[in-house]
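The next block holds one structure in the form of structure tokens; read it before the comments.
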Amino acid sequence: GENVEQHPSTLSVQEGDSAVIKCTYSDSASNYFPWYKQELGKGPQLIIDIRSNVGEKKDQRIAVTLNKTAKHFSLHITETQPEDSAVYFCAAVVDTGRRALTFGSGTRLQVQP
Amino acid sequence: ETGVTQTPRHLVMGMTNKKSLKCEQHLGHNAMYWYKQSAKKPLELMFVYSLEERVENNSVPSRFSPECPNSSHLFLHLHTLQPEDSALYLCASSQDWTSGSETQYFGPGTRLLVL
């Protein structure tokens with residue numbers, strides 16, 4: 001089955017700096033890659049996603065890149081703010097067949113003011 | 001909030017107790033999910049219900065018993081749990097189960113401690 005590895009497990013940056021979180025996946029058939037943000041006391045919330053026919057997607061300060069050949073995808077947050085502090089999860093899924101998301105183990109991002 | 005509520009938010013139970021977790025979604029979705037979130041481990045999918053039918057059981061021990069009486073409500077019945085079952089149990093819903101790229105909306109979770 002699919003295996004998703006996520007790095008780093010913790011990341012501390014200064015406010016205004018950029019943060020990058022990387023994930024690799026094992027199943028070459030995976031074609032949908034969402035990113036979730038989980039704040040303390042809340043469930044994960046989708047912040048951005050990308051499909052395998054696209055190499056990059058941006059939404060304001062957040063961007064995701066996908067390298068299908070290398071089977072890795074990354075989350076980029078620019079101009080970080082204290083409210084970006086949370087745990088971020090990547091996930092991968094094959095869009096058809098067994099459609100269950102496989103999640104990475106999470107990255108705890110701390111933005112220092 | 002996301003439109004998915006879970007009760008209780010915190011639960012402490014002994015290994016011989018029986019308790020139930022409740023999830024309700026107000027989004028008009030047709031698919032609902034139970035996940036287990038343990039410290040420093042990826043979210044683990046437990047069960048999936050689509051149109052009130054269980055479509056996925058991810059090798060979960062029988063001491064966890066799900067129930068989906070209608071498309072808005074999902075329960076997880078717990079009995080004779082073990083301390084290693086202590087975790088955050090998350091409920092989620094999505095429009096349907098036909099595509100893995102349907103956005104899943106998560107509730108806040110129930111923090112369970114088994115003594």
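Chain letters run A, B, ... following the sequence lines, proteins first, then strands; residues in each count from 1. Please read all numbers here as calculations on a predicted model, not as lab measurements.
- Distance check: A:Leu46 CG to B:Tyr105 OH gives 7.5 Å after rounding to the nearest 0.5 Å.
- Side-chain contact check for B:Pro42 versus A:Thr102: every heavy-atom pair is 4.5 Å or farther apart.
- Taken to the nearest 0.5 Å, the CD atom of B:Glu102 stands 11.0 Å off from the CG atom of A:Leu101.
- Heavy-atom pairs under 4.5 Å with chain A peak, among B:Glu44, B:Lys41, B:Gln37, B:Gln6, at B:Gln37.
- With a 4.5 angstrom heavy-atom cutoff, B:Tyr33 does not touch chain A via any of its atoms.
- A distance of 4.5 Å separates OH in B:Tyr35 from CZ in A:Phe103, rounded to the nearest 0.5 Å.
- Neither the backbone nor the side chain of A:Gln6 comes within contact range of chain B, judged by heavy atoms closer than 4.5 Å.
- Environment of CZ in A:Arg108: sparse, with no more than 12 heavy atoms of neighbouring residues, nucleotides or ligands closer than 6.0 Å.
- With a 4.5 angstrom heavy-atom cutoff, B:Arg111 does not touch chain A via any of its atoms.
- For A:Phe33, no part lies under 4.5 angstrom from a heavy atom of chain B.
- Applying the 6.0 Å contact sphere to CD of A:Glu83 captures more than 12 heavy atoms from other residues, nucleotides or ligands.
- Neither the backbone nor the side chain of A:Pro34 has a heavy atom closer than 4.5 Å to any heavy atom of chain B.
- Within a 6.0 Å radius of CG in B:Leu115, more than 12 heavy atoms belonging to other residues, nucleotides or ligands are found.
- A distance of 14.0 Å separates CG in B:Leu90 from NZ in A:Lys42, rounded to the nearest 0.5 Å.
- The closest side-chain heavy-atom distance from A:Gln45 to B:Thr103 is not below 4.5 Å.
- Residues of residues 48-74 of chain A lying under 4.5 angstrom from chain B, judged on non-hydrogen atoms, are A:Arg51 by number.
- Both the backbone and the side chain of B:Gln104 come within less than 4.5 Å of a heavy atom of chain A.
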